[in-house]
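Each chain gets a letter, A, B and so on, in the order the sequences are listed, and its residues count up from 1. These numbers were taken from a predicted model, which means no experiment stands behind them.
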Amino acid sequence: MKKVIRQLISNALDKARKSGELELSAVPEILVEKPKDEKFGDFSTSLSMMLAKSERKKPRDIADILCRHLKNGESQIASVDIAGPGFINLKMAPAFFLSRLVKVAELGDQFGSSDAGGGKKVLLEFVSANPTGPLHVGHGRGAAVGDMLGRLLKLAGYNVSTEYYINDVGNQMNTLGRSTWARYREILGIAEEFSPDYYQGEYIRDIAREIIDQRGKEFLDKSEEEVLPFFRQYSLDSILNGIKDDLSEFGVEFDQWFNEKSLYDDQLVDKAVNWLREKKHVYDKEGAVWLNSSAFDDEKDRVLIKQTGEKTYFCSDIAYHKNKIDRGFEWIVDLWGADHHGYVPRMNSVLQAMGYDKDVFKVMLVQFVALTRGGEKVSMSTRSGEFETLSDVVKEVGVDATRFFFLMRSSDSHLDFDLELAKKESPENPVFYIQYAHARICSIFRKATEEGLSLPAISHIDLSRLKDEEEFTLIKKILAFTEIVGKSAELLEVHRIAFYLHDLVAAFHGYYSRHRVVSDDVALSLARLFLMDCLRTTIHNGLSVMGVSAPEQM
RNA sequence: GCGCCUGUAGCUCAGUUGGAUAGAGCAACGGACUUCUAAUCCGUAGGUCGCAGGUUCGAAUCCUGCCAGGCGCGCCA
């Protein structure tokens with residue numbers, strides 16, 4: 001919508017240039033904004049202030065000239081005012097908004113989409129929780145935010161691919177296998193001390209029981225070396241399948257699952273290290289191999305290959321991110337839990353060492369979730385195994401409320417998640433407020449059908465019957481959706497959509513209580529039904545990008 | 001000690017990247033159902049934007065220093 005306004009202003013500039021009133025040797029970017037207060041108009045621009053210097057004219061004089069050309073022969077503009085030092089405030093004609101509203105209905109499910117992203121190839125990596133235990137609520141927030149970001153970026157015209165990185169290499173896999181092996185023996189009657197280094201959760205026992213069900217006691221007499229590969233692999237598969245099930249249940253699907261192991265199988269880790277060595281960013285010291293990350297963002301250099309010859313997690317991460325670039329992605333976005341923020345500078349350093357532009361790589365941190373139940377903190381500790389799993393929360397609260405709660409706050413703000421509140425089907429719970437609006441509109445359409453009214457082709461609807469100020473408030477809010485989506489995608493800020501929807505829906509509820517849509521006046525009813533249809537589409541698409549359902553009845 | 005995030009109404013949070021009188025929801029109080037869903041609406045009250053300086057026509061927003069909370073500072077993953 002702002003694009004159209006920019007075009008109008010640009011036309012006015014052309015006219016002013018042709019008439020010789022303005023020189024316009026260099027025209028700055030035309031910034032169009034929405035005034036905070038509606039009484040200033042629908043759009044405003046500070047262009048005349050920006051031009052004042054190069055034109056050597058007073059801002060107000062420039063504004064005068066532009067005003068004249070804006071008004072001249074332009075029926076879409078209702079009025080143009082100059083305010084303050086030289087702000088140009090535009091008020092648009094009703095027809096301007098109505099003609100755009102028609103497009104909302106035409107676009108349907110696609111309303112909100114744009115080419116803001118210009119088809120940029122984005123790799124969005126999120127969750128990537130270690131496959132050593134089930135997902136907890138913290139992962140859940142990352143999953144919800146990442147999944148929504150994926151949808152948002154797609155809608156805003158980015159070519160996005162989502163990926164889960166599986167850390168299936170290293171000591172933790174051995175520890176996992178040993179944990180299951182120990183539980184296996186324990187269940188079969190061999191009492192030994194269960195090491196505090198092992199994974200303590202009850203799910204390890206579940207896996208051990210599965211193995212007993214399927215294979216019986218066949219491993220019991222063998223040595224740990226013999227059985228470990230099996231226990232390691234079985235536990236990994238079992239946990240990973242659980243994670244996949246949990247995510248699927250939560251409405252989160254990935255385009256790719258990427259195994260860390262494949263980096264080693266394909267020699268990519270060695271290649272990446274050698275490549276950086278050739279670039280003089282890798283050196284040997286004290287029997288280890290180091291990256292000179294301190295030459296970039298990092299506070300010190302980091303070890304890639306330990307004295308023991310083992311590679312660090314960081315080392316394969318380098319290969320992984322090089323691989324992302326080699327796959328042709330132009331923007332690499334990682335979503336990490338806030339507890340990993342100390343890792344950001346060294347990863348930034350890696351991409352700089354590789355010689356890539358700073359803004360191809362972006363780490364987005366998702367802050368912690370504090371789970372409460374009726375005001376009381378629910379403890380979370382992976383060690384003790386007493387953590388609240390994502391699956392438990394989803395079972396208790398439902399997918400819609402869980403996702404909405406994860407998505408309604410800025411990601412870099414700590415989240416208080418009250419299970420009791422999320423469960424409530426009452427107005428205190430914001431997700432119901434929005435879903436209810438959708439159901440309410442559907443109910444209006446059911447009523448209309450009862451009265452024998454259904455929406456005809458747009459040519460049979462007289463939209464000029466929409467005259468009420470509240471109706472135009474609604475229309476303007478609907479039309480803002482596409483820009484909100486684009487902005488949220490660009491800034492990677494998912495919470496804007498939840499706030500937008502709440503605001504949109506509040507306007508609807510107010511309208512609903514003061515106006516009847518279906519009345520004896522058939523022409524007016526049809527015009528209002530059309531507006532309601534566009535509103536329903538907007539709410540539906542907004543909830544859809546959040547991965548939250550839009551019920552037709554509640 | 002160093003680094004990152006946060007600090008805005010009693011509570012939970014927005015605040016369009018420096019703009020016009022700082023906004024929502026919940027909680028509190030008072031109203032509104034003979035009507036398309038009252039899971040709603042309308043109104044009242046609630047503020048030293050953590051504190052102190054600075055930058056300028058203008059600061060919740062930018063800079064500096066403190067204070068408080070969270071998280072992190074491995075040849076772990």
Side-chain angles (χ1 to χ4, degrees), chain A residues 33-37 39-40 44 46 83-85 87 128-130 132 167 169-173 175 260 285-290 298-300 302-317 337-345 365-368 370 372 375 405 408-418 421 424-437 439-451 453 480 483-484 487 491 493 495-496 498-500 502-503 505-506 508-519 525 528-529 532 553-554:
Chain A
E33 47 196 28
K34 218 175 258 177
K36 198 170 191 176
D37 197 323
K39 73 180 175 228
F40 292 116
S44 74
S46 56
F87 280 106
S128 300
N130 288 335
T132 56
N167 297 116
V169 173
N171 270 325
Q172 60 172 359
M173 286 297 107
T175 304
E260 181 181 6
K285 191 179 95 184
E286 296 164 1
V289 178
W290 300 70
D298 209 358
E299 57 186 2
K300 58 181 178 188
R302 304 288 173 177
V303 170
L304 301 181
I305 303 174
K306 307 180 209 172
Q307 285 174 338
T308 60
E310 289 172 295
K311 280 150 183 125
T312 60
Y313 170 85
F314 181 49
C315 189
S316 46
D317 231 8
D339 53 340
H340 288 85
H341 73 256
Y343 204 75
V344 176
L365 296 172
V366 179
Q367 292 293 330
F368 276 26
T372 59
F405 270 62
M408 69 181 181
R409 298 279 177 254
S410 162
S411 295
D412 50 26
S413 151
H414 299 229
L415 176 68
D416 280 342
F417 190 131
D418 190 327
L421 173 62
K424 273 187 196 161
E425 301 198 354
S426 69
E428 301 154 68
N429 189 346
V431 63
F432 285 94
Y433 183 77
I434 295 167
Q435 289 183 315
Y436 179 59
R440 222 176 190 186
I441 294 169
C442 291
S443 166
I444 296 174
F445 276 88
R446 285 192 290 273
K447 173 71 178 177
T449 306
E450 274 173 37
E451 303 288 321
L453 280 180
E483 271 153 30
I484 304 271
K487 196 83 179 163
L491 299 176
E493 292 182 351
H495 67 283
R496 289 166 182 267
F499 278 91
Y500 165 76
H502 194 279
D503 182 56
V505 152
F508 160 72
H509 283 307
Y511 177 77
Y512 178 93
S513 68
R514 285 181 290 275
H515 305 271
R516 273 195 75 81
V517 173
V518 179
S519 68
S525 300
R528 286 181 171 173
L529 277 174
M532 289 301 118
Q553 233 168 326
M554 290 174 79

Mate of rC73(B) where both pairing distances stay under 3.5 Å, Watson-Crick or G-U: rG1(B)

Side chains of R409(A) and H414(A), donor plus acceptor under 3.5 Å: no

Along RNA chain B (nearest heavy atom to each residue), the more 5'-positioned of I444(A) and L491(A): L491(A)

Touch class at under 4.0 angstrom, heavy-atom based, for R446(A) against every strand present: base

Whole-Å C1' distance, rG47(B) and rA9(B): 6 Å

Interatomic distance where CZ belongs to F508(A) and C1' belongs to rA39(B) [whole Å]: 13 Å

5' precedence on RNA chain B between A506(A) and H502(A) (nearest-nucleotide basis): H502(A)

Exam field: side chain T312(A) to backbone I305(A), donor-acceptor pair closer than 3.5 Å: no

Residues Y343(A) and R302(A): side-chain donor-acceptor under 3.5 angstrom: no

rC13(B) - base-pair partner by Watson-Crick or wobble geometry, distances under 3.5 Å: rG23(B)

Closest nucleotide among rC75(B), rA14(B), rC36(B) to the R516(A) side chain: rC36(B)

C1' atoms of rU56(B) and rG19(B), separation to the nearest Å: 13 Å

Atom-to-atom span, CZ of F405(A) to P of rG25(B) - whole angstrom: 16 Å

Minimum-distance nucleotide (side-chain atoms of N167(A) versus rA77(B), rC36(B), rU17(B)): rA77(B)

Watson-Crick/G-U partner (both atom distances under 3.5 Å) of rU55(B): none

Interatomic distance, M408(A) CE vs rA14(B) P [rounded to whole Å]: 10 Å

Sugar-phosphate, base or nothing in reach of I305(A), heavy atoms under 4.0 Å: nothing

Gap between atoms OH and C1', on Y313(A) and rC76(B) respectively (whole Å): 11 Å

F445(A) versus L529(A), closest heavy-atom pair with distance: CZ-O, 3.3 Å

Ring geometry between H495(A) and F499(A) (parallel below 30°, tilted from 30 to 60°, perpendicular above 60°): perpendicular

Short side-chain N/O contact from K306(A) to OP1 or OP2 of rC76(B), under 4.0 Å: yes

Nearest-neighbour nucleotide for the F368(A) side chain, rG74(B), rC71(B), rC13(B) considered: rC71(B)

Footprint string (nucleotides 1-8 of chain B, 5' to 3'): B base within contact, S backbone only, - free, heavy atoms under 4.0 Å: --BBSS--

Pairwise P distance, rU61(B) and rC73(B) [rounded to whole Å]: 31 Å

Closest nucleotide among rA14(B), rA77(B), rC75(B) to the V303(A) side chain: rC75(B)

Sugar-phosphate, base or nothing in reach of V169(A), heavy atoms under 4.0 Å: sugar-phosphate

Out of rC36(B), rC41(B), rG72(B), whichever nucleotide has its closest atom nearest the side chain of Y433(A): rC41(B)

Sugar-phosphate, base or nothing in reach of Y343(A), heavy atoms under 4.0 Å: base

Which nucleotide in rA77(B), rC41(B), rU35(B) has an atom nearest any side-chain atom of H509(A): rC41(B)

Taking every non-hydrogen atom, the tightest pair across V505(A) and A437(A): CG1-CB, 3.5 Å

Rounded P spacing from rG23(B) to rC4(B) in Å: 32 Å

Among rG25(B), rA77(B), rC75(B), the one nearest Q307(A) by side-chain distance: rC75(B)

Protein-nucleotide distance (I441(A), atom CD1; rC36(B), atom C1'), rounded to Å: 11 Å

Minimum-distance nucleotide to S410(A) side chain [options: rA14(B), rU40(B), rA77(B)]: rA14(B)

Ionic contact status for E483(A) with K487(A), cut-off 4.0 Å: no

Pairing partner of rA68(B) (Watson-Crick or G-U wobble, both distances under 3.5 Å): rU6(B)

Euclidean distance, atom CG of residue D503(A) to atom P of rG25(B) [Å, nearest integer]: 10 Å

Euclidean distance, atom NZ of residue K300(A) to atom C1' of rG74(B) [Å, nearest integer]: 7 Å

M408(A) and P430(A), any side-chain heavy atoms less than 4.5 Å apart: yes

Under 4.0 angstrom between R514(A) side-chain N/O and rC42(B) OP1 or OP2: yes

Atom C1', compared across rG15(B) and rG74(B): separation rounded to whole Å: 40 Å

rC49(B) - base-pair partner by Watson-Crick or wobble geometry, distances under 3.5 Å: none

Paired nucleotide for rA28(B) [Watson-Crick or G-U wobble; both distances under 3.5 Å]: rU44(B)

Flag for T132(A)-Q172(A): side-chain donor and acceptor within less than 3.5 Å: no

Whole-Å gap separating C1' (rC76(B)) and CD (E310(A)): 11 Å

